[in-house]
Amino acid sequence: MAKVSTRKSRQYWLFKSEPESFSIEDLKAAKDQTTYWDGVRNFQARNMLRDSIQIGDGVLFYHSNVDPLAIVGTARVVKNGYPDHTAFDSKNDHYDPKSSKEDPTWYMVDIRLVQIFETPITRAMLQGVEELEEMVLLQKGSRLSVQPVTTDEWQVIHRLAGLKPSV
DNA sequence: GCCAACGTTGGC
DNA sequence: GCCAACGTTGGC
């Protein structure tokens with residue numbers, strides 16, 4: 001019998017990336033427009049990657065540490081959490097000697113591009129929207145690079161992009 | 001470039 | 001187990 005998802009409904013997430021290291025254009029250029037989301041080295045984010053994020057979930061792709069800060073498009077989860085092999089590679093920037101193949105510390109998922117927004121939804125735009133006041137991204141001091149997004153937030157952001165909620 | 005917020009490390 | 005010191009993130 002095929003493996004069945006443990007929950008019925010799709011969930012939504014926001015992934016941050018510095019475009020200098022990996023931009024949504026890089027995702028577009030990747031083979032099958034798909035990538036593994038490696039390098040997350042925070043336990044809270046790790047738990048989401050390992051335990052919560054599932055195939056079919058929607059991902060807002062956010063560019064951080066750049067002008068303009070913005071949600072630049074969406075992606076879809078195409079592979080559930082599995083060990084982040086970059087932690088095993090001593091030559092990799094994200095190498096972590098405490099993580100082993102036998103007992104991995106860090107996890108990643110695979111995502112595939114859905115769309116690049118014609119007009120990026122800038123952080124400044126988000127900050128003006130009452131329905132997004134509680135969005136994790138906009139909370140003071142929020143540094144999580146993988147964050148949950150509510151269904152309402154997902155829909156508001158698609159509306160701002162002039163799109164029907166897709167994925 | 002600044003600095004607040006946060007996570008981790010290590011001495012005790 | 002506390003907490004000061006330190007390093008990093010990331011908005012501004």
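Keep in mind that this is a model prediction, so the values were computed, not measured.
- Distance from the side chain of Phe43(A) is smallest to dT8(B) among dC12(C), dG7(B), dT8(B).
- Going from atom CZ of Arg46(A) over to atom C1' of dG7(B) covers 14 Å, rounded to whole Å.
- Distance NE2 (His94(A)) to C1' (dT9(C)): 13 Å, rounded to an integer number of Å.
- Checking Tyr107(A) against Asp51(A) by side-chain atom types alone, no donor-acceptor pair falls below 3.5 Å.
- Among the nucleotides dC12(C), dA5(B), dG11(C), the one closest to any side-chain atom of Arg143(A) is dA5(B).
- For Glu20(A) and dT9(C), the CD to P distance is 13 Å, given to the nearest whole Å.
- Cation-pi check for Lys91(A) over Tyr95(A) is not met; the charged atom does not lie both under 6.0 angstrom from the ring centroid and within 45 degrees of its normal.
- Taking the six-membered ring where tryptophan is involved, the planes of Phe61(A) and His63(A) are perpendicular, since the angle between them exceeds 60° and thus also 30°.
- Contact annotation: Gln139(A) side-chain N/O to dG11(C) OP1/OP2 distance is not under 4.0 Å.
- An OP1 or OP2 oxygen of dG11(C) is reached within less than 4.0 angstrom by a side-chain nitrogen or oxygen of Tyr62(A).
- Residue Lys140(A) has a polar side-chain atom (N or O) positioned under 4.0 Å from OP1 or OP2 of dA5(B).
- dG10(C) atom P lies 15 Å from atom CD1 of Ile71(A), rounded to whole Å.
- Atom CG of Leu138(A) and atom C1' of dC12(C) are 14 Å apart (whole Å).
- Atoms CZ and OG1, from Arg112(A) and Thr34(A) in turn, are 4.5 Å apart once rounded to the nearest 0.5 Å.
- Here Lys16(A) reaches the OP1 or OP2 of dG10(C): one of its side-chain N or O atoms lies under 4.0 Å away.
- Across all their heavy atoms, Met135(A) and Glu153(A) have their closest contact at CA-OE2, 3.3 Å.
- We find that CG of Asn42(A) is positioned 18 Å from P of dA5(B), with the value rounded to whole Å.
- Listed nucleotides: dA4(B), dC12(C), dT8(C). Nearest to the side chain of Arg123(A): dC12(C).
- Asn65(A) places its CG atom 13 Å from the C1' atom of dG1(B), with the value rounded to the nearest Å.
- The shortest distance between the side-chain N/O atoms of Lys98(A) and the OP1/OP2 oxygens of dT9(B) is below 4.0 Å.
- Atom P of nucleotide dT9(C) and atom CD of Gln44(A) are separated by 16 Å, given to the nearest angstrom.
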